[in-house]
**Q** 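Before I ask anything, let me first share the structure, which is written out below as structure tokens.
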Amino acid sequence: MSMNLFLRMFLVAIALVLLVFVLRKIKKSEFQAEDSVFWFLFAASFVILAAFPQIAYFFASILGFESPANFIFLYAIGILLIRVFSLSTKVAHLRWKLNTLVQEMALRANDEVSSLESSRTDHLNTSEEPSSWNYPSL
């Protein structure tokens, strides 16, 4: 009851590549710490599955898979689908906030333009011509 050595090595390699990628993104400030936690835990789960193949065998037998590799693929796809759903929710919320912000900015800009036009019109209407101005007669 041992998992294929190639699969175990593949899981560790994937985890290492993932960790290097995440660390580079963090170093370049292209990744936030809260997002990196997910990827670190995801990579660590691959290392755990490679180190303790009994976990994969256990869940594969419960779910009726013939191979623990099938469980590992299902696990990875399932976790990534959950992540995509949570990111979609965040994106929808950020879109809503962005639309609200753009609308507020447009209203403020409109108010400022109206205020400037109003003060200009008031200034033109209330300014009187000095009596000392001499206009040539036509």
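Nothing fancy with the numbering, it's 1 onward along the sequence.
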**Q** F65 and side chain to side chain contact (heavy atoms under 4.5 Å, CB included): which single residue from F71, F59, F73, Y57 fits?
**A**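 Answer to the side chain to side chain contact (heavy atoms under 4.5 Å, CB included) test with F65 among F71, F59, F73, Y57: F71.
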
**Q** Is it the case that the side chain of S36 and the backbone of A33 share a donor-acceptor pair, with hydrogens and angles ignored and the cut-off at 3.5 Å?
**A**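 Such a contact is found between S36 side chain and A33 backbone.
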
**Q** Does N70 have any side chain to side chain donor-acceptor pair (under 3.5 Å) partners at least two apart in sequence or in another chain, and if so, which?
**A**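 Partners of N70 by the side chain to side chain donor-acceptor pair (under 3.5 Å) criterion come out as none, since no residue qualifies.
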
**Q** Report the residues that fulfil ring pair (Phe, Tyr, Trp, His ring centres under 6.0 Å) with F21, sequence neighbours left out, ordered by chain and then residue number.
**A**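 So F21 forms no ring pair (Phe, Tyr, Trp, His ring centres under 6.0 Å) with any residue.
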
**Q** Is there a side-chain contact (heavy atoms from CB on, under 4.5 Å) between I55 and I48 once you walk through the steps?
**A** CA-CA 9 Å; I55 297 170; I48 290 170; 3.8 Å; yes

**Q** So if I apply the side chain to side chain contact (heavy atoms under 4.5 Å, CB included) rule between V22 and each of F38, F31, F42, which one comes out positive?
**A**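 It is F31; the other options fail the test.
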
**Q** What's the verdict on side-chain contact (heavy atoms from CB on, under 4.5 Å) for R83 and D35, showing C-alpha distance, side-chain angles and the deciding distance?
**A** CA-CA 10 Å; R83 182 67 176 166; D35 292 329; 3.1 Å; yes

**Q** Just how far is it from atom CG of L94 to atom CG of N99, taken to the nearest 0.5 Å?
**A**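 The CG atom of L94 sits 11.0 Å away from the CG atom of N99.
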
**Q** Should we count CZ of F10 as having more than 12 external heavy atoms under 6.0 Å?
**A**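 Check fails, neighbour count at 12 or below.
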
**Q** Could you measure the distance from the CH2 atom of W39 to the CG atom of L19? Nearest 0.5 Å is fine.
**A**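 These two atoms lie 11.5 Å from each other.
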
**Q** In Å and rounded to the nearest 0.5 Å, what is the CG to CD1 distance from L7 to I14?
**A**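 Rounded to the nearest 0.5 Å, the CG-CD1 separation comes out at 10.5 Å.
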
**Q** Run the side-chain donor-acceptor check on residues 23-30: report pairs under 3.5 Å with partners two or more places apart or on a different chain.
**A**
residue	atom	partner	partner atom	Å
K25	NZ	E30	OE1	2.8

